[in-house]
Protein chains: 2
Amino acid sequence: MKENKPNAEKSIVDIALALGVSAATVSRALNDNPRISEATRKKVKEKAKEMGYRHNSMASSLRNRRSNIIGLIVPRVSMYFHSVFITALQNKLQPEGYNLIVCQSNDSVAVEQQLASTLYSSRVDALVVSLALYTEEYHHFDGFTNHGTPLLFYDRVPTKSYAAYIVKGDDYRGGLIAGDHLIEMECKKIAYISGPLSCSIYKERTEGFTHALAKAGLHLNTDWCFYHELTAENAWNSLRQLFSGKEKPDAIFASNDTTAVAAVQFSREQGIKIPQELKIMGYSNDPRSSIISPAITTIDQHPTEMAHRVAHKLLQVLKDKRQAQEYDAQEIVPVTLIRRMTT
Amino acid sequence: MKENKPNAEKSIVDIALALGVSAATVSRALNDNPRISEATRKKVKEKAKEMGYRHNSMASSLRNRRSNIIGLIVPRVSMYFHSVFITALQNKLQPEGYNLIVCQSNDSVAVEQQLASTLYSSRVDALVVSLALYTEEYHHFDGFTNHGTPLLFYDRVPTKSYAAYIVKGDDYRGGLIAGDHLIEMECKKIAYISGPLSCSIYKERTEGFTHALAKAGLHLNTDWCFYHELTAENAWNSLRQLFSGKEKPDAIFASNDTTAVAAVQFSREQGIKIPQELKIMGYSNDPRSSIISPAITTIDQHPTEMAHRVAHKLLQVLKDKRQAQEYDAQEIVPVTLIRRMTT
DNA sequence: TTGTACGCGTTATCAT
DNA sequence: ATGATAACGCGTACAA
């Protein structure tokens with residue numbers, strides 16, 4: 001004997017029962033399968049609405065072996081670059097029927113591993129990752145490629161060869177442009193504040209920057225180079241150290257805008273004239289860089305463009321299972337010099 | 001006859017077969033059910049690892065009728081307040097075993113409805129929402145409460161009574177504090193740039209602000225009041241209009257920092273002295289407000305604190321199904337005046 | 001055009 | 001301590 005629990009979830013079986021048809025018919029009708037007559041389709045849909053039926057993605061996913069969910073691991077949601085990236089990615093994927101599970105590693109390798117494992121069991125249809133600052137091993141992502149789940153790194157990508165799709169900014173060129181620009185401004189004593197070299201973006205910016213200086217016959221003074229997490233606190237420490245010696249730099253290239261902003265504030269506090277005595281460059285074109293005075297010369301990474309490319313690649317791969325294994329050349333998103341008042 | 005597809009997904013049945021035990025035993029062993037002996041548990045786990053088994057959340061969710069996924073709908077991920085909120089919420093929920101599906105409405109009611117519907121079918125265990133700017137009807141959320149899925153609004157909450165949990169900032173008080181502060185600074189001719197009143201936060205800030213002025217015997221000059229989406233472009237338009245008449249205001253209360261920043265930049269361009277000729281207040285304590293010069297007096301909304309309260313409420317409700325229907329009083333997160341150089 | 005029958009992977013329940 | 005079985009809700013080959 002069947003009870004009628006009033007608030008229980010209705011399934012397609014309940015609809016079928018109520019209508020005297022089979023569950024298969026209901027399923028097909030709801031999915032607009034052309035093999036169902038217009039009449040029954042309408043009848044079914046009305047009944048479904050009437051009974052408060054809702055599609056069960058969990059059952060559907062199980063059956064179809066696809067969740068329509070894409071996993072995203074990002075160092076921090078609140079970083080300007082990533083927040084814009086997420087916005088754009090979400091806006092591209094949503095209309096295509098994909099939901100985004102957004103997770104943040106907080107720049108901890110351990111958390112990143114944990115998240116990878118969780119998303120792995122969650123059967124995401126694809127995983128998109130921007131690596132934590134000190135991630136140098138990638139085995140926690142092996143499962144995805146082994147099981148044929150598309151894996152894509154963007155921005156902070158593996159520094160060693162790894163089987164995955166890659167979309168990155170042209171960080172080498174960003175460093176190069178920055179170096180060229182400072183040299184064009186006739187800087188001779190250039191300081192450099194970078195993130196740790198375990199992270200692809202800082203590694204490549206450093207290479208490009210070094211190359212630019214080398215072209216001009218300059219080399220980086222190791223006393224004036226800092227490699228650490230690019231927080232405001234760390235920036236102030238390095239800046240104090242930088243200006244405590246007898247010889248002062250005439251330029252600073254900071255590998256993010258948080259650091260560049262700190263440099264401007266530090267200079268203001270110390271009465272250092274910008275750009276006359278000190279030129280400053282940042283990286284990312286964070287809104288703060290344009291709002292502070294003097295506004296900071298920086299490098300735009302075009303996060304929206306990067307998200308579009310990531311979305312495009314994902315959708316292409318997800319549609320076409322065939323080429324899931326063809327990891328063609330990395331995609332490289334150009335960068336742009338934004339000239340402002342600090343140089 | 002069973003084929004051995006090498007790359008096929010292994011299930012607990014495969015493990016059971018390989019070990020000569022039942023699937024139930026495997027399931028229990030993997031879930032650390034105490035009714036399984038230490039020996040078999042170990043045996044099973046080893047075999048599972050060896051066979052490359054991974055837990056299937058989809059099947060598990062179907063069986064358990066819970067997805068361990070929490071849905072989040074936010075106007076825009078890239079708004080400072082929300083990006084910080086998301087960071088904090090995620091950091092609280094992740095360790096408890098919940099994943100966050102982050103979606104953005106782009107402040108479009110239609111998108112919000114679409115997202116609600118999708119998340120509804122996705123069987124999220126709970127839904128957290130900050131409403132779009134012009135959402136005044138809430139029927140697209142009815143399904144959640146009807147089916148007993150916890151629904152929680154934060155920040156931008158319904159303006160009409162609606163059965164859901166609510167965690168909000170003290171926007172009335174924020175407006176009041178702002179008004180009191182400007183009056184204490186002896187402002188007499190106060191302009192006001194607000195978001196649309198369809199949105200709870202702007203409505204309440206307006207009420208608080210109006211009340212503060214009324215206490216001082218002032219009333220808002222309607223020519224100096226603007227209600228529109230708080231973008232930089234709209235701000236500039238309103239500011240130009242504001243200063244085109246013969247009588248100029250001596251203070252502006254802007255209901256977000258984007259607008260306050262625009263006001264400072266506009267004043268700079270027009271040669272208006274701040275704070276002598278014009279005092280400016282913003283809202284949110286966006287990093288830009290502290291970086292611009294002069295730094296802007298604003299109201300801090302404590303997004304992290306709000307996220308903690310939301311997480312706490314969610315976890316409590318998700319653990320204790322019993323009280324899923326008790327929508328006790330709204331939680332109100334205090335706000336703080338951040339006094340800077342523009343007042 | 002519609003129905004039948006079964007599988008997807010996991011777990012609760014009852015039995016041993 | 002472990003096994004056998006039956007759901008969970010949906011989609012699809014195959015049959016009618």
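Proteins get letters first, then strands, A, B, ... in listed order; numbering begins at 1 in each. These values consider heavy atoms only, across backbone and side chains, with no hydrogens, waters or symmetry-generated copies.
Atoms CD and SG, on B:E136 and B:C199 in that order, are 9.5 Å from each other to the nearest 0.5 Å. Going from atom CD1 of B:I70 over to atom CG of B:L119 covers 12.0 Å, rounded to the nearest 0.5 Å. Here the CD-OG distance, from A:Q104 to A:S130, works out to 12.5 Å after rounding to the nearest 0.5 Å.
Taking only side-chain atoms of A:N64, from C-beta outward, the nucleotide of D:dT2, D:dG11, D:dA4 with the closest atom is D:dG11. Picking from D:dC10, D:dG11, C:dT10 the nucleotide with the shortest atom distance to the side chain of A:N31 gives D:dG11. The nucleotide whose nearest atom lies closest to any side-chain atom of B:T25 is, among C:dA12, D:dT2, C:dT2, D:dT2.
Here D:dT12 presents its P atom at 11 Å from CD1 of A:I12, a figure rounded to the nearest Å. For B:M58 and C:dC8, the CE to P distance is 13 Å, given to the nearest whole Å. Here D:dC10 presents its P atom at 11 Å from CZ of A:R54, a figure rounded to the nearest Å. One interatomic measurement links the two molecules: CG of B:L17 to C1' of C:dT10, which rounds to 16 Å at whole-angstrom precision. Distance A:D32 CG to D:dT12 P: 14 Å, rounded to the nearest Å. Rounded to an integer number of Å, the gap from B:N56 CG to C:dC8 C1' is 8 Å. Rounded to an integer number of Å, the gap from A:L19 CG to C:dT2 P is 11 Å. Between B:L30 atom CG and C:dT11 atom C1' there is a gap of 12 Å when expressed in whole angstrom units.
OP1 or OP2 of C:dT11 lies within a sub-4.0 Å distance of a side-chain N or O belonging to B:S27. One finds a side-chain N or O of A:R65 lying less than 4.0 angstrom from the OP1 or OP2 phosphate oxygen of C:dG9. For D:dT2, the OP1/OP2 oxygens have a side-chain nitrogen or oxygen of B:T40 closer than 4.0 Å. Note on A:S60: every side-chain N or O is 4.0 Å or more away from OP1 and OP2 of D:dC10.
Annotation for A:K168: atom NZ counts as buried by contact number, over 12 foreign heavy atoms lying within 6.0 Å.
Using a 4.0 Å heavy-atom criterion, one finds that A:V21 contacts the sugar-phosphate atoms exclusively. Nucleic acid contact class of B:S61 (heavy atoms, under 4.0 Å, all strands): none. The residue B:I36 sits close only to the backbone: its heavy atoms come under 4.0 Å of sugar-phosphate atoms, none of a base.
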Using side chain to side chain contact (heavy atoms under 4.5 Å, CB included), reason through A:L89 and A:Y98 one step at a time and then give a plain yes or no.
CA-CA 11 Å; A:L89 186 63; A:Y98 288 100; over 6 Å; no
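A side-chain donor-acceptor contact under 3.5 Å links A:S57 to the backbone of B:S121.
For A:S37 and B:S11, each mapped to the nucleotide of DNA chain C holding its nearest heavy atom, the one lying further toward the 5' end belongs to A:S37. Between B:R28 and B:L62, the one whose closest nucleotide on DNA chain C sits nearer the 5' end is B:L62. Nearest-nucleotide assignment on DNA chain D puts the 5′-proximal partner with B:R41, out of B:R41 and A:R35.
The base of C:dT11 lies close enough to the side chain of B:R63 for a donor and an acceptor atom to sit less than 3.5 Å apart.
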